[in-house]
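For reference, the structure discussed in these notes is given below.
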Protein chains: 4
Amino acid sequence: MSSPAIDGVGTTEELGALFSDDSILAALLLVESTAAQVQGRLGLVPARAAAAIQEAAQPREFDVAALARGARDSGTLVVPLVAALRARVASLDPASARFVHWGLTSQDVSDTALVLIVKRARTLLATTQERLERTLRARSDEHARTIMVGRTLLQPAAPITFGLKIAGWYAGIHRSWNRLSHAIDAACVLQCGGAAGTLASFGRDGLTLRRSLADALDLREGDGPWHTERDRLAAMACACGVLIGALGKMARDVSLLMQQEVGEAFEPGGGSSAMPHKRNPAACAIALAAATRAPGLVAAFLTGVVQEHERSVGGWQAEWPTLTSLIQATGAASAALAGVAEGLTVDTGRMRANLDTAGAALFSEQIVMLLVPALGRERAETTVRDAIDRSRRTGAVIADVLKAMPAAADVLTAEQLARIGRPEEYLGSAEALRRELLGSA
Amino acid sequence: MSSPAIDGVGTTEELGALFSDDSILAALLLVESTAAQVQGRLGLVPARAAAAIQEAAQPREFDVAALARGARDSGTLVVPLVAALRARVASLDPASARFVHWGLTSQDVSDTALVLIVKRARTLLATTQERLERTLRARSDEHARTIMVGRTLLQPAAPITFGLKIAGWYAGIHRSWNRLSHAIDAACVLQCGGAAGTLASFGRDGLTLRRSLADALDLREGDGPWHTERDRLAAMACACGVLIGALGKMARDVSLLMQQEVGEAFEPGGGSSAMPHKRNPAACAIALAAATRAPGLVAAFLTGVVQEHERSVGGWQAEWPTLTSLIQATGAASAALAGVAEGLTVDTGRMRANLDTAGAALFSEQIVMLLVPALGRERAETTVRDAIDRSRRTGAVIADVLKAMPAAADVLTAEQLARIGRPEEYLGSAEALRRELLGSA
Amino acid sequence: MSSPAIDGVGTTEELGALFSDDSILAALLLVESTAAQVQGRLGLVPARAAAAIQEAAQPREFDVAALARGARDSGTLVVPLVAALRARVASLDPASARFVHWGLTSQDVSDTALVLIVKRARTLLATTQERLERTLRARSDEHARTIMVGRTLLQPAAPITFGLKIAGWYAGIHRSWNRLSHAIDAACVLQCGGAAGTLASFGRDGLTLRRSLADALDLREGDGPWHTERDRLAAMACACGVLIGALGKMARDVSLLMQQEVGEAFEPGGGSSAMPHKRNPAACAIALAAATRAPGLVAAFLTGVVQEHERSVGGWQAEWPTLTSLIQATGAASAALAGVAEGLTVDTGRMRANLDTAGAALFSEQIVMLLVPALGRERAETTVRDAIDRSRRTGAVIADVLKAMPAAADVLTAEQLARIGRPEEYLGSAEALRRELLGSA
Amino acid sequence: MSSPAIDGVGTTEELGALFSDDSILAALLLVESTAAQVQGRLGLVPARAAAAIQEAAQPREFDVAALARGARDSGTLVVPLVAALRARVASLDPASARFVHWGLTSQDVSDTALVLIVKRARTLLATTQERLERTLRARSDEHARTIMVGRTLLQPAAPITFGLKIAGWYAGIHRSWNRLSHAIDAACVLQCGGAAGTLASFGRDGLTLRRSLADALDLREGDGPWHTERDRLAAMACACGVLIGALGKMARDVSLLMQQEVGEAFEPGGGSSAMPHKRNPAACAIALAAATRAPGLVAAFLTGVVQEHERSVGGWQAEWPTLTSLIQATGAASAALAGVAEGLTVDTGRMRANLDTAGAALFSEQIVMLLVPALGRERAETTVRDAIDRSRRTGAVIADVLKAMPAAADVLTAEQLARIGRPEEYLGSAEALRRELLGSA
């Protein structure tokens, strides 16, 4: 887990472990070791060297702090890691040390290790997403008929169903995860090019080696070196950013619904250090913290895409902290909201009470459109404003107010009056739209 | 064209016109007018009102500066635009004015107009991209055998072909345009939900109206309201950012190749105000300026994705300047590089001369790998360093130097020696990789 | 005004005019013209040429769209502008045309024009800020004793005064404006270096010319060329970003207070296109839209700071749209909130009602701390949770509930009980802190 | 050190230790412990409790991974830390546990710990900056007369001195460090407000406690709570971004000068994993990686500035990873460039050779200005272009070429001809400007 004291809420337990120093070292060493095995099988290096390298490539034996110091001399962790691996192989079998990192360049190892880890992260993310999406679908169905205030610019607008609102969250999150999932698949490509990307050090065996290495690591072989064409990684970083945004939208809504004064829905909540009774939207805070950080992290990744020639000065070296933060933030937000969705308490009574309080205002669009054909826009709007004011002042329901106003009473039919002011009669296509959203791709 | 004095290099002539005030007003009015026609056909508003609205919706008759002032009162241009349109309809046919903007919400009009314009932008972008990609493929083929220095961290690494380098640019740009093209398609969805997204104001006719409006505007009907689910727009903004990055990478490379001291390739170039002879990488500067701006613009868009409830306070209102800048910057960079690709002058003599100057250093990986099995890593590396130094000092070709060094001469075969130091013999799979990259998707 | 249809809410009337094409052309021509006058006085160019240049430099005579097209060839507006100015001078006095842009480089003109405009923007911003800050101080004093719910993580925490809350807004905004004001002052430095920044084209007269030009333009002379050292502009861009953030914080709070369910304070508000009665937080939306865009714009500027050698490829060319957007967004947010502050309606009754609804929960910290010394942490917290529950269930005031609970009644003195649950008795140092904040620098 | 495998090049040894889990835990515990001591002295808690808390607050006894897990429930590390500290105190002295975290809120502890660590970081940064700035001044003096090609848009423009170039780096870096240094000072303010920022839990002792706590921690007392007014932290984050930009500019320049084809200046350099002879701009890469990441990190911080009411949902929780990354990146870039400056090898011969290669082109501005008064702009420019072409083709020095061209020979005096084409005669005010820049503030 990376720096829990600073960024504990920016990851999950599993992702923290995946992006830990140990795990990353293991991935880097796996690439070196697998390359040696494959080269051994192809006769490019002695079988004995391949075996010695595999034996030596034990992550626990390496001092990551020392490697980081070395990285500051060369700009990449791989240079000191290769040196350390050579030293360890030499101690096992001096003649084999020379075949460590045979024909590869640092970025081959670094990029491939990154891709291996990201691929595993995808599995972890998928599990959480599946949990979140399944729960959202169920909650949306459950609340298909739960009527609540629809709010625009934080003001009451017109009635909606809570099921429709949840379906909106679902659709945004589901589409965004689909995008990310595909972006990860597309980005998980072996990097294997050697010093300048031509595989020249392997002579005619370059493509064979690449194919075998891809097979051994269960990665796609790809379509040419991508040392300085980072669009696939960038698209993945962006897709994290978009998904986090969709998760952040849900978290913002839940945190607003959870306000004492609104009181319509509550996440299970987290405690306060000073106030024992307090239930804070702690999981929403984690998702919103991710949404606060993600846009800048995406920008950081995109800035680094402009890379020089066959290996860049700066752009490449900037990628790891950005991408690993983004992926972990995605998982943190997704996991937090899976918990929110599962534990969400809904106060339908309060939803109804807030509808009542909003009252006539929720139907101003409805009434205006009924009055406008007869009265014209201006008189219709004046009439509605008057009626809403009267309804607020007197507490009378809006239909009764309108009945008492000649301008309106002359225009509205009994049937129309019977429907005005009843939220369940002013939901339009909410249910059809909800179902559409649950089917959104 | 939007603010040419400030951002003339951030757009193209055509995109500037598409995103001009006139064009945007026209798109907003087209949505209002088309909605009225469709509603007229469906009997939701009188046919006469539909006709009057269509007649009144002439962009030239509206004062955009006055509308912008009005927008500062309501937070959106649509509110004052609807008022102005009503006034114009009233002057043509007072009874029809009331049916302007019938049952729609401001964001329905604003989002749909945005999508209409973006769809047209896609066509403009596609034309330029097609030109750029076709040219890059041709230039890559043309230079399939043009050998040059491959550079990592701006230092000579090993020989590559210019065709491979161009194929790398092509692959990154091509994949990124594919992504953007799909993202635009996915985002071009009608927005039609009314006050709270339920289409309630149209009663049972909501979905019919939506379908008819989508047909009339040639947009996809969509799958539910997306007033506050902005992931599709965000994905489009991101895809612009990634493509600009891929374009920026090519521009960075060309501007570096064009340095007097490198002198290998030149864009047609732009002039200086002070130095008549000077040929500046002006088109590269335009692409790199786009690449400088794009990551932050993407971040700005992503920040706004966290939108409240059924219409947001701030997030939505922030979208237009960001998205329109991104799309125009994409076009500006793409057009600039299409010109670069078409007009690129390549100095193959200078490429060869730079290979010669880099000399022995380009083959250090090659020689090390030939010596290592016999000498071990350390002696091999020392020998190579020595040989490169001698070659540099004496000007002797590296193969001759090695022949004179017993450590090396004992190990290397005549055939190996014959190949060492000849760039055309050390290209590995460059040509196969080049072809792969041209086929990349 | 720049592109009102796209970004009308991203500026003000005055700033829009200042950053209009006409105004920017005028500033660029003013630099050319003033340079000619100064050079005429110093005898570097003929007096007659200086006069002709001044006469020709009329912004209305230039076609900005054509200049923008020219800018796409050279990467900067100045190259075509100089050509156009030369042509105009030539039509007045052919012999004088040759002295247009004498010894300057494009960036000298462009940077100096930018600085001239920014300096004027500072005056406009200062007026609005002064209005906003003065109003906030007055409103804070006015509400020094208005008690309201303090909210942490959007949940009721403990009582505060509205005066304290406003003072917090004031302090953040005031400090941030001070920073921006100083940053603008520091950045408003003449750029005058010629082709490579050495003033070589003026021989020994370089520093004299620079001093005279600075005097004539009322700019600081500076301390060396800053063609590629953009830290002062960057610091200014950042200071815009921080101020917009502080303004955004106030806007977020007001928009939350304005929710129907909270109902404590209201900006004058903007209308809806569909719902006549609706009062939207339109001014807050403008400020929050600025706060959504600003971080990315700051990032875009910072990205461009890494500029090559004596004039950059891309970084410089990216600056204008970013910086001008940031300054205008600052003004838009500040003006919107000045209107909010001046027109703010405060519902003190609702504040009191919300205090009552929050009820016992607001005092949990207070009661816990009174009980803990006697009961220990765990029992104290349990007791408080119980008491709050009972108070909520029964509607009894918290002091009475505690009196009826032996665990608490045994511990609390009559005096303590008399103070518990009375917000005006649990304000701590609110008033002293409020005064501190109003004095914050 | 935080996550060396991912971000080893994003920090220094010392800063890595300062921002390690251990160090951060220690700072958080120091705040809790010091608060207890001060409260003990003021009689707010028993002296015995203060002693027990101090004894228990040993960072090594806490499990940071477990705390991070707890943080995911409450959104902040402080809640589980307080629980763990209470448990530890209870095991030493049960009666004292209740006084842990007395009257404080989580954010008081978290913000104050952050500020304590940042203050220590400032000292580390200052040492490195002092080293860098001192070296740059010395190198600038050393190369006051070293003439080199000035390059605009990466093309030769006119001669400059290397001393002037270094002075430009110095000025940008020095001003930016001054800004950051002041921003850190301004931001290092105690946070002490309790649940809602009013210090209510301390009754009348609030301000006394705050003063005493500030004294004990050697922090400024401040001017009111800043729980949701983050402008001072934001200004600090921005100042990091600007300084990193100024450092990045120097790194970009050095990496460009170090290209084999330019070969004018070299950092000591880092090695390659595949090519033994290769000297990479590894330190520049570290600085440029910081410059790639910083703008987005600044944006992330600014995005979080819009915080709700008295404690935010998301904005606050996002700050730590961003700010700590920025500060460490600043130190990493500064340290890398201090090494570059100290170890910089300058090849003055190559600088002279590149001047010669650029040749006549460097003097086009000079010659044009000499010819224009007599020949007019067009003929002057044509003549210069011709002369440069001839000089390039024939290898003749430009003055001789001009002598042979009647158009020029008739106009230029012997003295003028004697100076044309001699870089040392075309440096203008370079030396005066260099001195100004070294004095820049």
Side-chain angles (χ1 to χ4, degrees), chain A residues 97-98 103 150-154 157-158 160 168 171-172 175-176 179 195-196 198-201 206-207 223-224 229 231 234-235 238 241-242 245-246 248-249 252-253 291 295-296 298-299 302-303 305-311 313 365 369 372 376-377 426-430 432-433 436-437 440, chain B residues 97-98 103 150-154 157-158 160 168 171-172 175-176 179 195-196 198-201 206-207 223-224 229 231 234-235 238 241-242 245-246 248-249 252-253 291 295-296 298-299 302-303 305-311 313 365 369 372 376-377 426-430 432-433 436-437 440:
Chain A
R98 61 193 72 175
R151 296 170 174 98
T152 56
L153 290 110
L154 292 177
I160 61 169
R175 289 190 301 253
S176 300
R179 259 181 240 110
T198 60
L199 289 162
S201 61
L207 294 174
D223 46 11
E229 300 292 345
D231 59 291
C238 286
V242 177
K249 187 270 183 285
R252 173 71 54 85
D253 281 1
V298 169
L302 287 175
T303 300
V305 163
V306 179
Q307 301 197 353
E308 294 86 5
H309 292 324
E310 283 64 64
R311 183 141 326 123
V313 188
E365 179 201 45
M369 288 180 71
V372 148
R377 172 72 47 179
Y426 199 63
L427 289 171
S429 307
L433 296 168
E436 280 185 3
L437 288 167
S440 179
Chain B
R98 62 194 72 177
R151 296 170 175 99
T152 56
L153 291 110
L154 293 177
I160 61 169
R175 289 189 301 254
S176 300
R179 258 182 240 110
T198 61
L199 290 162
S201 61
L207 294 175
D223 48 10
E229 298 294 343
D231 58 291
C238 286
V242 177
K249 187 269 182 285
R252 173 71 55 84
D253 281 1
V298 169
L302 288 174
T303 301
V305 163
V306 179
Q307 302 198 351
E308 295 86 4
H309 292 321
E310 282 63 64
R311 184 140 326 120
V313 188
E365 179 200 46
M369 288 179 72
V372 149
R377 172 72 46 178
Y426 199 62
L427 289 170
S429 306
L433 295 169
E436 279 184 3
L437 288 167
S440 178

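Predicted model only: the values in this text are computed from it and were never measured. Convention: sequence-line order gives letters A, B, ...; per-chain numbering from 1.
Interface residue A/Leu427: only backbone heavy atoms are found under 4.5 Å from chain B. Only the side chain of B/Ala432 comes within contact range of chain A, judged by heavy atoms closer than 4.5 Å. Contacts between B/Val372 and chain A at a heavy-atom distance below 4.5 Å involve backbone atoms as well as side-chain atoms. Proximity to chain B is limited to the side chain of A/Ala291, based on heavy atoms less than 4.5 angstrom apart. Residue A/Arg151 touches chain B through both its backbone and its side chain, counting heavy-atom pairs closer than 4.5 Å.
Interface summary for chain A: among B/Leu154, B/Asp253, B/Val305, the most heavy-atom pairs under 4.5 angstrom belong to B/Asp253. Most heavy-atom pairs under 4.5 Å with chain A: of the set B/Ala171, B/Gly296, B/Gly168, this distinction falls to B/Gly168. Interface remark: of the candidates B/Leu199, B/Asp231, B/Val313, B/Val242, B/Asp231 forms the most heavy-atom pairs closer than 4.5 Å to chain A. Heavy-atom pairs under 4.5 Å with chain A peak, among B/Gly245, B/Gly428, B/Ser176, B/Ala200, at B/Ala200. Chain A forms the most heavy-atom pairs under 4.5 Å with one residue out of B/Gly172, B/Ala430, B/Pro295, and that residue is B/Pro295.
Between B/Leu207 atom CG and A/Glu436 atom CD the span is 6.0 Å, to the nearest 0.5 Å. In this structure, CG on B/Leu437 lies 8.0 Å from CD on A/Glu229, to the nearest 0.5 angstrom.
When every heavy atom of A/Tyr426 is checked against every heavy atom of B/Ser201, the shortest pair comes out as OH-CA, 3.4 Å. The two residues B/Gln307 and A/Lys249 come nearest to each other via the heavy atoms O-NZ, 2.8 Å. Closest approach of A/Ala157 to B/Ala196, counting heavy atoms only: CB-CB, 4.5 Å.
For A/Arg252, the salt bridge (charged side-chain N to carboxylate O under 4.0 Å, His left out) partners at least two apart in sequence or on another chain are B/Glu308. Residues passing the salt bridge (charged side-chain N to carboxylate O under 4.0 Å, His left out) test with A/Arg311: none are found, sequence neighbours excluded.
Looking at B/Arg98, its side chain never comes within 3.5 Å of a backbone N or O of A/Arg377 through a donor-acceptor pair. A/Glu365 places a side-chain N or O within donor-acceptor distance of the main-chain N or O of B/Ala195, the cut-off being under 3.5 Å.
Residues A/His309 and B/Ile160 fail the side-chain proximity criterion, which asks for heavy atoms closer than 4.5 Å.
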